[in-house]
Amino acid sequence: MKHYLQFNDLAADEYAHLFARAAEIKRKFKAYEKYHPLADRTLAMIFEKASTRTRVSFEAGMYQLGGSVVHLTTEGSQLGRSEPIEDSAKVISRMVDLVMIRTFEQTKIEAFAANSRVPVINGLTNEFHPCQILADIFTFIEHRGDIKGKTVAWVGDGNNMANTWLQAAALLGFKVKVSTPSGYEIDPKLLGNLGITRHKSSAECYAFYSDPQKACEGADLVTTDVWTSMGFEAENEKRKAAFANWCVDARLMKAAKPEALFMHCLPAHRGEEVSAEVIDGPQSVVWDEAENRMHVQKALMEYLLLGKVA
Ligand code: CP
Ligand code: NVA
């Protein structure tokens, strides 16, 4: 049994399989072809934070695969009344086939997985957002081909998205040029966990720039995220001041390659981390990126429950 708690829980050959399956599953969906490999299977979705895309993509995706879903929130379940996560995992995993969790600390999803009889998927934690990067790389491949050897510019917070991009770079062989304001860097304690070790040196997959324009120079993809992630709302005003120069606008996009794509996991704040001109402009692929959450997650659920189907 495999869990998907962080990007490096799967190997490069498993990603090649998932990207191929996502393309085929997307083709079937567009052609209104019925595909019900998960008939009679149930997915439990546990949300301890808000969501639009993750909720809709997992729920619609599971129904399209012939299965069904149970939706739980902190407030609407005993999780909000201090039932231990370990006990919740033991109970929920006796009744369903698969669990997706969006929560706070990574240690919480790890505790759930350690007590689960069924595969657990990370639908976002403070540290990682692997399903989103799965969708982002699939979207890059659709538009530009293999991401190996390419350069991604990360502009903004050293958050769950940034951490996951670095993990993917170390695993799939591309480079991330990161620019964050001072005080909002990638947590150095995580670097080993991101796969950035002496064997995979920072020069191979990670470079840091204090100037966001330098990070964007020569990039094949420019990407950013909100300045204030869920759970950090109390820091909002302080962050707005610190991040003022980390807005992806036309000037930053001009520093990247002319054919560079722009991505944002959404929700976006136009005028903060990205200008309207960029997110609504011709280089932006944010709507494909959002739609692809569903196709890649269908491939992921198929893989976790059925293995490598042809
Ligand atoms: N990108 C993403 O995970 O969106 P939601 O917060 O709406 O699920
Ligand atoms: N970094 C953001 C992503 C939202 C999808 C957050 O954690 O809130």
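In what follows, residues are counted from 1 in the order of the sequence shown. Every heavy atom of this structure was used, including side-chain atoms; hydrogens, water molecules and symmetry mates were not. Atoms within a ligand are numbered from 1 in the order they appear, just like the ligands themselves.
- Protein heavy atom at the shortest distance from atom 3 (C) of ligand 2 is D225 OD2, 3.6 Å.
- Considering only heavy atoms from C-beta on, E273 stays 4.5 Å or farther from W246 through its side chain.
- Between the side chains of N236 and T228, at least one donor N or O sits under 3.5 Å from an acceptor N or O.
- When ring centroids are compared, F29 and Y35 stay outside the 6.0 Å threshold.
- For ligand 2, the atoms sitting less than 4.0 Å from at least one non-hydrogen atom of N159 are 1 (N), numbered in the order shown with element in parentheses.
- Looking at ligand 2, you'll find an N or O of S229 within less than 3.5 Å of one of its N or O atoms.
- Protein heavy atom at the shortest distance from atom 8 (O) of ligand 2 is M230 N, 2.8 Å.
- Put simply, part of L266 is less than 4.0 Å from ligand 2, judged by heavy atoms.
- If you check the side chains of R293 and T54, you find a donor sitting under 3.5 Å from an acceptor.
- Remark: E272 engages no residue in a side-chain hydrogen bond (donor to acceptor under 3.5 Å, both in side chains) (not counting sequence neighbours).
- L124 CD1, 3.8 Å is the protein heavy atom nearest to atom 4 (C) of ligand 2.
- Protein residues with a heavy atom under 4.0 Å from ligand 1 are S51, T52, R53, T54, R102, H129, Q132, C265, L266, R293.
- Annotation: cation-pi geometry not satisfied between R239 and Y184 (NZ/CZ under 6.0 angstrom from ring centroid, within 45° of ring axis).
- Contact check on K28 versus E24 returns a salt bridge, with a Lys/Arg side-chain nitrogen under 4.0 Å from an Asp/Glu carboxylate oxygen.
- For ligand 2, the polar-atom distance check against N160 finds a nitrogen or oxygen pair separated by under 3.5 Å.
- Of the options N126, D225, D187, a side-chain hydrogen bond (donor to acceptor under 3.5 Å, both in side chains) to N159 is made by D225 and by none of the others.
- Y15 and F7 have their aromatic ring centers within a separation under 6.0 angstrom.
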